[in-house]
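Reading through the structure tokens given below for one structure.
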Amino acid sequence: MFADSLVDKLAEHPAQRMRFVARDRTTLVKTYGEIHDDAVQLMSELRDSGLRPGDLVGVLGPNSYEWILADLALLALGCVPVAIPAENRHEPAEIGAFVERYRLAALLVTEPLPGEAGLPAATAVLSERPVKLDPARHDDVPALPPGVRTIAFSSGTAGTQKGLMLTDDGIANTVELSARAWRVTTDDDILIVMPYSNFQQRYLTYLAIWTGCAATVVPPEIMFHALKVVEPTIILGPPSFFEVLYNRVMAAGPAERMDKGRAWLSMYGSRVRLMYTGSAPVPPAMVTLFQELGAPLYEIYGSTEIGWIAMNVPGAARAGTAGRPVDGVTVELGDGGEVVVRAERPQVAGYVYEGVETQDAVFLPDGRIVTGDLGVLEDGFLRLTGRKNNVIITRSGVKINPAELEAGIERAFPGVRAMVALPDGAALLACVVWLDDPGKAAEVEAHITRMNADHEPSHRIAATLVRPAEELTVESGLLTRNFKIDRGAVRRTVWTSEDR
């Protein structure tokens, strides 16, 4: 099986390397040969501790060598890694709660915990070797469908998460498709920035191992400081990874934008040959600007349930769209323009733990999968227009796609880091705007007033709240671990605040 063979695959390119850059910018370098030997040793320790094939084993902690080592060793043992989405929660009491909540045989924590409190017997800290634990045995362990190899969780942009059962064949398909479409070679170096609890980052690591290319893991806090040094060739990330350059260029004078923009591209290093962005609304003007500067930025679209759905590639790209459907995927538009997909090798077999009640509405009996995204097809290219569950329905029954309003404001003001439109009572719209320079709040409000004049009353924004962009962090709760705006958190903690 694909996942089981990743440790053996490391031995095919023993001199290749993986780098882990810490927040203090110290770097740990491990060759694939060393990772292979370390994984084999950890497998032996886990096996001796009583773990068995099929056991659900949690992995918890921030990105590190220990995280991916545990993941690879568990997969090779035939265990099912459960990626706990709580990278910065390390209280011993919470650790025990995870074991019970997810019915885990064991939980591997990647770094030491604060305090002296003891951990449950089923828990081990990977910095303390050899690993010793006493597996927990539960009577009500979830029954997994055949082929499920790991469990991950969605980012929960609406305040809820789903437990996703990823299959060996689906993971293999995503890796194989990416290797072909991106023409990955052993000369490449794939950048890993977001948390390993986000499955995309794990899959990118598997892609590196499978193709024999390098991988570099960098904390998001120091990404731009590190990129000039680590020199990746393939970068995937949300629009915020690239808006930094876009906003800087657009703030420059028209006569100097292109020259300064080409110079500022060095912040991504000098070897980048592919840049992909998605997972949140992508301003078409940003993609166009990067390409005018000679930077290979393309929009891409996928979901954990399916894998890649559509992508732009060099020679077959259209700015403002997510690209054409990938091989093995058929896209159709359902009610209201909802994107519905039929995939020959979907990545997920269904939900577990959380989100199970929604499974039948997502995985249709005829094999199609409902994405919840809205889009239109233009000459075979898919353009995304918003999320179905974000559509606002007014008291008079008018449906409003907030993404369209948000895009209009974000395009007009490059200094807008993000914007969220939301209902304010039964008949009014409001918006929260995060600015790099809050001093420009009056300009934004004036633009919204002008924009309202061109809209029907139902689409006019009645109230605006301007906030500083620096509050948009994962730690504040306003961003998910995938750097998406958590609209539920905005509604709960920002729009209801006394700052209005």
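Nothing fancy with the numbering, it's 1 onward along the sequence. All values below were derived from every heavy atom in this structure, side-chain atoms included, with hydrogens, water molecules and symmetry-related copies excluded.
Between Glu176 and Arg345 there is a salt bridge, since at least one side-chain N of the basic residue sits less than 4.0 Å from a carboxylate O of the acidic one. The pair Glu100-Arg103 meets the salt-bridge criterion, with a side-chain N (NZ, NE, NH1 or NH2) lying under 4.0 Å from an Asp/Glu carboxylate O. Taking the charged nitrogens against the carboxylate oxygens, Arg17 and Asp189 do have a contact shorter than 4.0 Å, which makes a salt bridge. Using a 4.0 Å cut-off between a side-chain N of Lys or Arg and a carboxylate O of Asp or Glu, Asp188 and Arg183 do not qualify as a salt bridge.
Of the possible donor and acceptor atoms, none in the side chain of Arg23 sits under 3.5 Å from a partner among the backbone N and O of Pro219. In this structure a side-chain-to-backbone donor-acceptor pair under 3.5 Å is missing from Asp48 to Glu45. Side-chain atoms of Asn312 come within 3.5 Å of backbone atoms of Thr321 as a donor-acceptor pair (strictly under, hydrogens ignored). Although no hydrogens or angles enter the test, the distance criterion places a donor-acceptor pair under 3.5 Å between the side chain of Gln16 and the main chain of Thr186. Side chain of Arg324 to backbone of Ala316: no donor-acceptor contact under 3.5 angstrom is found. The backbone N or O of Ala22 lies less than 3.5 Å from no partner atom in the side chain of Thr26, so there is not a single donor-acceptor pair.
Met311 places a side-chain heavy atom less than 4.5 Å from the side chain of Leu177. Annotation: side chain of Thr205 is in contact with side chain of Tyr196 (closest heavy-atom distance under 4.5 Å). Taking 4.5 Å as the limit, some side-chain heavy atom of Tyr298 sits within range of a side-chain heavy atom of Leu274. No side-chain heavy atom of Leu245 sits less than 4.5 Å from a side-chain heavy atom of Phe224. Within the 4.5 Å cutoff, no side-chain heavy atoms of Thr216 are placed close to those of Pro232. Contact of the Asp486 side chain with the Leu478 side chain is not registered, since no non-hydrogen atoms from C-beta on lie closer than 4.5 Å. Between Leu56 and Pro142 there is a side-chain heavy-atom pair separated by less than 4.5 Å.
Within 6.0 Å of atom CG in Asp140, more than 12 heavy atoms from other residues, nucleotides or ligands are found, so the atom counts as buried in its surroundings. Other residues, nucleotides and ligands contribute at most 12 non-hydrogen atoms within 6.0 Å of the CD atom of Glu344.
Checked against the 6.0 Å centroid criterion, the rings of Phe153 and Phe199 do not qualify as a close aromatic pair. With ring centers used as reference points, Phe242 lies under 6.0 Å from Tyr268.
Looking at Glu231 and Ser270, their side chains do bring a donor and an acceptor atom within 3.5 Å of each other. In this structure, a donor-acceptor pair under 3.5 Å is present between the side chains of Trp308 and Tyr203. Defined by atom type and a distance below 3.5 Å, a donor-acceptor pair is missing between the side-chain atoms of Arg273 and Thr233.
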For this session: Would you please test Leu72 and Ile209 for side-chain contact (heavy atoms from CB on, under 4.5 Å) and show each step?
Result: CA-CA 11 Å; Leu72 294 171; Ile209 293 170; 4.0 Å; yes

